Amino acid sequence: MIIFHIDANSAYLSWEAALRLEQGARTDLRNIPSVIGGDPEKRSGIVLAKSIPAKKYGVKTGETLYEARQKCPELTVIPPNYDLYLKCSNAMYEMLCLYSSKVQRYSIDECFLDYTESEKIFGRPIDAALTIKERIKSELGFTVNIGISANKLLAKMASEFEKPDKIHTLFPEEMEFKLWPLPIEDLFMVGRATSKKLRKININTIGELAHTNVLYLKTLLKSHGIVIWNYANGIDYSPVHNNDEIIQKGLGNSTTIPFDITNREEAYMFLLALTERVSMRLRSFNCLCSLISVSIKTDSFIRYSHQAKLNTPTDSTTGIFNSVKKLFNEVWKCEPIRHLGIRVSEFISKDFYQLSFFDSTENSQNLDRTIDMIRKKYGDRSLVRSCFIHSNISPFQGGVNEEDYPMMSSLL
DNA sequence: TCTGGGGTCCTAGGACCC
DNA sequence: TCTGGGGTCCTAGGACCC
């Protein structure tokens, strides 16, 4: 098996930089301290992506813009542009599909490519990787790292090595000197909580983890211990999945409100706007959902959630909203609300669920379908609930409006 | 902390059944 | 009830990824 992992370098920032150059900008954002960041006014002021010069000031992804500016006062901050990112992501994916029939989109800026069968057509893996990397640079305007190995895990680890615009291999025989000296935090699936536990028992490098008794790890970390022990030893048999093989398990939208919500009616407005987005996405999947969940984050950052299973699966905006209101009322403890979220899951394909027994729902189904068609043709704002018209609240809340595609299973 | 939004998977505890 | 054991389902929360 020969697997490539292709990772766009500081994706959001590079894509914005490439667009601006194309539009005639004189400075390349990648060459100055810059970040893609949210808006502190809307209480979403965090760093989403950073340039390499910004990184040299110690700016980190996920920290607040306030902190980032403390480290680098002359930081250029650019708001995110998700439509652009989707276009760039699609372009990269389509380019990769020219080199293999097995390409898995792992996230907006990462793909796995199974090169095993491609070797007889395109030659040595290293040469093909170089061709792909250079084509993306010259034709799409941004750089990528490509990791090459015998499985997805090692390919992904390899692409994390020196950046940007680099190709690295990490074959099993290279683990000892390329992978094992690295700190455990660098290993895929070792996050904050796990690294803290590992460091506590004096496991500090990936190599030390690889040489720890796996049964001991299991008592400490349950099944997760076995997962990371395998990864530390470069063991991973997961295949590269084409996108159509991946079934999405759930979908949701959430939003941080620019102010704290303190009354029920206001909360309902945001919940309705979120339900509009979630239910439209659900219907675009041609699925019904059986589980609905509402989550709340309070002004003091306490999160809690409440879910319920439906007796009758649904995809109706009104049906989902009624459940959402009920769940919200059952769980809200009247604290000021900072953030609201809705998610639906336990999908049933509409093709396998005949609604003929429930003819009374036909009308509302037709209504939802008609609304979806009008919005698709004339834009989401062409048809909105009247309760939003004289409010300052957007009738849709939540980010995903473009064509959905399944990504990011935490199993590689 | 001026602290996002979209996902997946796992686990613990309780309810319920035989 | 001073009572058991095993299975399944449901729920809430946490860990991880980008």
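Quick note on labels: first sequence line is chain A, next is B, and so on, each numbered from 1. In this text the structure is predicted, and so the values were computed from the model without any measurement.
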Of the listed nucleotides [options], the one nearest the side chain of [X]:
X      : options               : value
A:R343 : C:dA12, B:dG5, B:dT8  : B:dT8
A:R338 : B:dT3, C:dA12, B:dT8  : B:dT3
A:S223 : B:dC2, C:dC18, B:dT11 : B:dT11
A:E67  : B:dT1, B:dG4, B:dC2   : B:dT1

Presence of [X] side-chain N/O under 4.0 Å of [N] phosphate oxygens OP1/OP2:
X      : N      : answer
A:T256 : B:dT3  : no
A:N253 : B:dG5  : no
A:H306 : C:dA12 : yes
A:K249 : B:dC9  : yes
A:K222 : B:dT11 : no
A:R43  : B:dT1  : no
A:H339 : B:dG5  : yes
A:R303 : C:dA12 : no
A:S44  : B:dT3  : no
A:T61  : C:dC18 : no

Is it true that [X] and [Y] make a salt bridge, defined as a side-chain N closer than 4.0 Å to a carboxylate O?
X      : Y      : result
A:K102 : A:E117 : no
A:R199 : A:E208 : no
A:E185 : A:K196 : no

Watson-Crick or G-U wobble partner for C:dG7, using a 3.5 Å limit on both distances?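 Looking at the geometry, C:dG7 pairs with B:dC16.
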Is the side chain of A:H224 donor-acceptor paired with the backbone N or O of A:M189 at a distance under 3.5 Å, no angle test? yes
Round to the nearest Å and state the distance from A:K297 atom NZ to C:dG14 atom P. 13 Å
Protein-nucleotide distance (A:I36, atom CD1; C:dC18, atom P), rounded to Å: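 The distance from CD1 of A:I36 to P of C:dC18 comes to 19 Å, rounded to the nearest Å.
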In this structure, which one of A:T255, A:D380, A:T317 forms a side-chain hydrogen bond (donor to acceptor under 3.5 Å, both in side chains) with A:R277? A:D380
For A:T194, answer base if it contacts any base atom (sugar-phosphate contacts may also be present), sugar-phosphate if it contacts only those atoms, and nothing otherwise; contact means non-hydrogen atoms under 4.0 Å.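 It contacts sugar-phosphate atoms only.
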Going by centres under 5.5 angstrom and planes under 30 degrees, do the aromatic ring of A:F301 and the base ring of B:dT3 stack? yes
